[in-house]
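In what follows, chains are A, B, ... by sequence order, proteins preceding strands, each numbered from 1. It should be emphasised that the depicted structure is a prediction, and the values quoted were computed from it without experimental measurement.
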2 protein chains.
Amino acid sequence: MDSRSKILNAASQLFLEGGGSALSVRAISKRAGLSTIGIYSHFQGKQGILDALYIEGFNLVREAMDVVPEGKANKAQVLQSCLGYLNVGEQHEAHYRLIFGESDAGYQPSEEAIEARNSAFSKLVRVAGSYLPDSSSVSERRQIALDVWAIVHGYVSISHHVTSSNDSDLDWKAMAIRVVEVQLDAARERFK
Amino acid sequence: MDSRSKILNAASQLFLEGGGSALSVRAISKRAGLSTIGIYSHFQGKQGILDALYIEGFNLVREAMDVVPEGKANKAQVLQSCLGYLNVGEQHEAHYRLIFGESDAGYQPSEEAIEARNSAFSKLVRVAGSYLPDSSSVSERRQIALDVWAIVHGYVSISHHVTSSNDSDLDWKAMAIRVVEVQLDAARERFK
DNA sequence: TTCTAATATATAACACTGTTATATATCAAT
DNA sequence: ATTGATATATAACAGTGTTATATATTAGAA
């Protein structure tokens, strides 16, 4: 295996084990059995490592929403995409925290990383937008996608931060799905 | 002014100027004109500084929602509280990012800090819950409050992270208010 | 093969970070 | 005025990301 892959594997391992705070340059290179220099020759320093994981994260989100065929979607299919998003938030907490800036206070995604985020959002625009009437404009489709995104992200984020004893077994995903459904109905009514 | 206040003022200044990444122990003590030791005698190290700012942040949120009299609230009043929350997210971005873990990857709020968060959420339970029928249970009130919180937080968080050229002048607050209103109507219908 | 050039990896240092052991200064009470 | 307690300062330690320098390693040409 080439050094680049060794580094990326080591970084992924540490990231999944301990989140962003476990990702030090020296820890990564030690796990990879290499010196620290490869992180700067094969990546652009720690920023490059975080970019790679950020892109992984948004690709997970995009793929999780990509569970319905392209074209017109019914309500259940839109909700199925939302459930995919919510599952990523639950099962890939480290990646999810990274893509929303909780893993490294200084990290700013690169242009390439932002492209991965835009690609995931475009997927959501197609899925959620396809539930609107065919005559709906692009901005209307983007609007409903933003609404859906804000809702599901809100629940994922809150669920990551509120872990009080009573609330720990709340069904965040069902709550989010219910709110999205109400919003979808309202949007279709508004644009019909 | 006593040393503790000097330190806290210096920390607040740096925090507002440059966010969490500007908050180093040495930078704080230099700004305060003191040595670093006070941060460990008057606070519990950097954790204590972050706790103080975290509490400030959730107090801002609680006060921003405390714009309607206690007791039964109408829809406009609930939405007014939500607008207060959204304004805090917009105008106190540094504090808002801190209370959702974006300022320091290692920071975990102390018990006292979590009390401030719970206090803010309790406010939201009273405000949003008071829009439900009087017969509504505590868990129903907590449920609608959680829904409202997830929605408004979702928009605040997304607005902080999505700053694409086209979307930068979107009216996030109006979008959030509209979604909350739809949800309030649905909740009242569900519980009537 | 042997030499050369380019690439890859390693080492050590620099300027940071949070923290703490030690030392000094300041102040209150006997 | 002296003692005891508290507050502040200094310096060191282990950790962080980064980079200049040095050393291997590899590829291609004579």
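Partners of Glu111(A) according to the side chain to side chain contact (heavy atoms under 4.5 Å, CB included) rule, which considers only residues two or more places apart in sequence or in another chain, do not exist here. Checked against side chain to side chain contact (heavy atoms under 4.5 Å, CB included), Glu140(B) has the following partners two or more places apart in sequence or in another chain: Leu132(B), Ser136(B), Ser137(B), Phe191(B). The side chain to side chain contact (heavy atoms under 4.5 Å, CB included) search around Asn74(B) returns Ala76(B), Gln77(B), not counting sequence neighbours. For the salt bridge (Lys or Arg N to Asp or Glu O under 4.0 Å) test, no residue two or more places apart in sequence or in another chain qualifies with Lys30(B). Residues that satisfy the ring-ring contact (aromatic ring centres under 6.0 Å, His included) test with Phe58(B), not counting sequence neighbours, are Tyr54(B). The ring-ring contact (aromatic ring centres under 6.0 Å, His included) search around His92(A) returns none, not counting sequence neighbours.
Here the C1' atom of nucleotide dC16(C) and the NZ atom of Lys30(B) are 13 Å apart, to the nearest Å. The CD1-C1' distance, from Ile7(B) to dT8(D), rounds to 10 Å in whole Å. Rounded to whole angstrom, the span from the CG atom of Asp2(A) across to the P atom of dA8(C) amounts to 11 Å. As a whole-Å value, the separation of Leu14(B) CG from dG18(C) P is 11 Å. Rounded to a whole Å, the NZ atom of Lys6(A) is 11 Å from the C1' atom of dT9(C). When rounded to the nearest whole Å, the span between CG of Leu50(A) and C1' of dT16(D) equals 13 Å.
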Collect all protein-nucleotide pairs involving nucleotides 25-28 of chain C in which both atoms are nitrogen or oxygen and the distance is under 3.5 Å.
none

Polar atoms only, N or O, under 3.5 Å: list the protein pairs with nucleotides 17-19 of chain D and their distances.
from	atom 1	to	atom 2	distance (Å)
dG17(D)	OP1	Leu23(A)	O	3.4
dG17(D)	OP1	Val25(A)	N	3.2
dG17(D)	OP1	Lys46(A)	NZ	3.1
dG17(D)	OP2	Val25(A)	N	2.6
dG17(D)	N7	Arg26(A)	NH1	2.8
dG17(D)	O6	Arg26(A)	NH2	2.9
dT18(D)	OP2	Tyr40(A)	OH	3.1
dT18(D)	OP2	Lys46(A)	N	2.9

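Between the side chain of Ser122(A) and the backbone N or O of Asn118(A) there is at least one donor-acceptor pair closer than 3.5 Å.
Distances shown here put every side-chain N or O of Ser3(B) at or beyond 4.0 Å from the OP1 or OP2 atom of dA7(D).
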Show me, pair by pair, the donor-acceptor contacts under 3.5 angstrom made by side chains of residues 21-29 of chain B, not counting sequence neighbours?
from	atom 1	to	atom 2	distance (Å)
Ser24(B)	OG	Ala27(B)	N	3.0
Ser29(B)	OG	Val25(B)	O	2.9
Ser29(B)	OG	Arg26(B)	O	3.1

For residues 80-87 of chain B, tabulate all N or O donor-acceptor pairs below 3.5 Å that involve a side-chain atom, not counting sequence neighbours.
from	atom 1	to	atom 2	distance (Å)
Ser81(B)	OG	Met65(B)	O	2.5
Tyr85(B)	OH	Tyr96(B)	OH	2.7
Tyr85(B)	OH	Trp149(B)	NE1	2.9
Asn87(B)	OD1	Lys173(B)	NZ	2.7
Asn87(B)	ND2	Leu83(B)	O	3.2

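Evaluation of the ring pair (Phe, Tyr, Trp, His ring centres under 6.0 Å) test over residues 9-42 of chain B, restricted to residues two or more places apart or in two chains, returns Phe15(B)-His95(B).
Each end of the helix from dT1(C)-dA30(D) to dT30(C)-dA1(D) gets its own axis from five base pairs, and the two axes differ in direction by 20°, given to 10 degrees.
Salt-bridge formation is not detected for the pair Glu102(B)/Arg97(A): no Lys NZ or Arg NE/NH1/NH2 atom is positioned less than 4.0 Å from an Asp or Glu carboxylate oxygen.
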